[in-house]
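Computed from heavy atoms alone, side chains included, the values below leave out hydrogens, waters and symmetry copies. Per chain, numbering begins at 1; letters A, B, ... match sequence-line order.
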Number of protein chains: 2
Amino acid sequence: MAASGVRPRRKPRDRYHHGDLRRALLDEALRTIHQDGVEALTLRTIGLALGVSRTALYRHFADKRALLSAVATEGFRMLRGRLVEVWGSGGVREFNEMGVAYVQFAIANPSHYRVMFGGFVDDGPRDEELTREGMAAFQALVDAIAALQKSADVRKDDPLQLARFIWATVHGVSMLIIDGQLSHQHAQLDDLIQFAMQRLQTGIAAGPARTRN
Amino acid sequence: MAASGVRPRRKPRDRYHHGDLRRALLDEALRTIHQDGVEALTLRTIGLALGVSRTALYRHFADKRALLSAVATEGFRMLRGRLVEVWGSGGVREFNEMGVAYVQFAIANPSHYRVMFGGFVDDGPRDEELTREGMAAFQALVDAIAALQKSADVRKDDPLQLARFIWATVHGVSMLIIDGQLSHQHAQLDDLIQFAMQRLQTGIAAGPARTRN
DNA sequence: CCTTTGATGTTGTCACTGTCAACATCAATC
DNA sequence: GATTGATGTTGACAGTGACAACATCAAAGG
């Protein structure tokens, strides 16, 4: 089943040390969150699933929040990867697809997405790596916009400001969908996403005329 | 200080019944959330603050979630009130101010806003009144858009779809600000909000030409 | 006036949570 | 081969939401 060389998820009963518990903790957290949501994530449950005691986690993370912080970090990494993948070195069309991909990521990993934003993390001083990875994901968007500005497809405002605006919109759509504030019918959701990207592009397009819609 | 006829917040020590505990519970929850955030909201704390036992709440709310649900409901009521107040029977300018007012509401009551959306509520079947009040707030936006369509200021798409799009944007801006993903400098925030509303209006404006920005 | 009764508030208790301190185990280093 | 620092465990604690059994009281009906 599993490829050779992969560490077993559970610690063998006869071994005292796990081997790569930090990684296993992260994976298990991801799994649980994806499957049962954040609120179901319990230190005891994680430990049980990994065949490890409830407090073993504290050798690898300062506390529960730190674990969630790491989860969020990984979420941003995944999101960023997906965004640059879709964008390629593309144009207006790929930009559209980027927006769609963003929302789809959120829909596909709602709990994960909520950990990334939902305020589970931001109490104390934010984790440094998390901040960095979040900014990297954001940068993917900024880069795309800058490129579209160069090709005269997007108005030449401050690209950061433009990026914040667009980010807010796709983030907003994602959140509303995730929180069930919008119809859950697939077709309607797709319509909304497409519509939003359309209006977005009209809103940020360069030149006063040219496109009719 | 308090006008006569107002029930005291705390139950007098000699009285067994509080008088209007449901209202007091709601108020206290509001207060706590506004002051210390949602995570500080504890049934025991509320009870203590009101001079009432920790479980008294269960005579008025099914459980903690139901209380938060009621809080969210009231939040939507407040938000809607503010929105229609700003809109009046206005035009493009008032529409802009509506967007600003929305975000400002979120900034002024971050924890409250998070209760309204952050997924504290939407586990079980959603509270009926909450759903209704949320839709009412949304309707305020739809109405405004419909009016702007009539005056030919906004393109004649499905007003619901337009409203969802705009809602998503202001919601997204609000969320990002609340979660500290954006700079916390007042001036910059105002700039972003204004910028977003500007781009939004360009995106949904009627007619291919007319306005240059 | 007295009794009954349903609504409202309380106490005791439970299982569960995150966290810490003290201890156990082990792998690597001198 | 002893030492030691990293890693995992056990016991304990205070705090949480929730439930069941009980207490108190106001209002309704006689």
Rounded interatomic separation in angstrom, taking CZ from A:Arg59 and P from C:dA22: 12 Å
When the distance from CD1 of A:Ile46 to C1' of C:dC16 is rounded to whole Å, what number comes out? 15 Å
Hey, does the side chain of A:His60 come within less than 4.0 Å of D:dA6's phosphate (OP1/OP2), counting only N and O? no
In whole angstrom, what separates A:Asp63's CG from C:dT19's C1'? 9 Å
Do any N or O atoms from the side chain of B:Ser69 and from the backbone of B:Arg65 form a donor-acceptor pair under 3.5 angstrom? no
Does a side-chain N or O from B:Tyr58 land closer than 4.0 Å to OP1 or OP2 of D:dA18, or not? yes
Between C1' of D:dG17 and CD of A:Glu39, the distance in whole Å: 15 Å
Can you see whether A:Arg199 engages A:Thr202 through a side-chain donor-acceptor pair at a distance of less than 3.5 angstrom? yes
N/O donor-acceptor pair, side chain A:Thr55 with base C:dT19, under 3.5 angstrom: no
Does atom NE2 of A:His186 have more than 12 heavy-atom neighbours from other groups under 6.0 Å away? no
Checking contacts here: which listed nucleotide (C:dT19, D:dC19, D:dT7) is nearest the side-chain heavy atoms of A:Leu43? C:dT19
Round to the nearest Å and state the distance from A:Phe61 atom CZ to C:dT19 atom C1'. 16 Å
Over all atoms of both residues, closest heavy-atom pair of B:Phe95 and B:Met197: O-CE, 3.8 Å
Please report, rounded to the nearest Å, how far the P atom of C:dA27 is from the CG atom of A:Asp20. 16 Å
Less than 3.5 Å between a donor and an acceptor, one on the side chain of B:Arg65 and one on the base of D:dG17, is that the case here? no
Can you name the closest pair of heavy atoms from B:Thr32 and B:Leu41 and give their distance? CB-CD1, 3.8 Å
Report yes or no: is there a donor-acceptor pair, N or O only, under 3.5 Å between the side chain of A:Arg44 and the base of C:dG18? yes
From CG of A:Leu48 over to P of C:dT17, roughly how many Å is that when rounded to an integer? 11 Å
Check if the side chain of B:Arg54 and the base of C:dT13 share a donor-acceptor pair of N or O atoms closer than 3.5 Å. yes
Can you work out whether A:Leu57 or B:Leu41 has the more 5'-proximal nearest nucleotide on DNA chain D? A:Leu57
I'd like to know if B:Ser53 reaches the base of C:dT11 with its side chain such that a donor and an acceptor end up less than 3.5 angstrom apart. no
Spacing of B:Leu21 atom CG relative to D:dT24 atom C1', expressed in whole Å: 15 Å
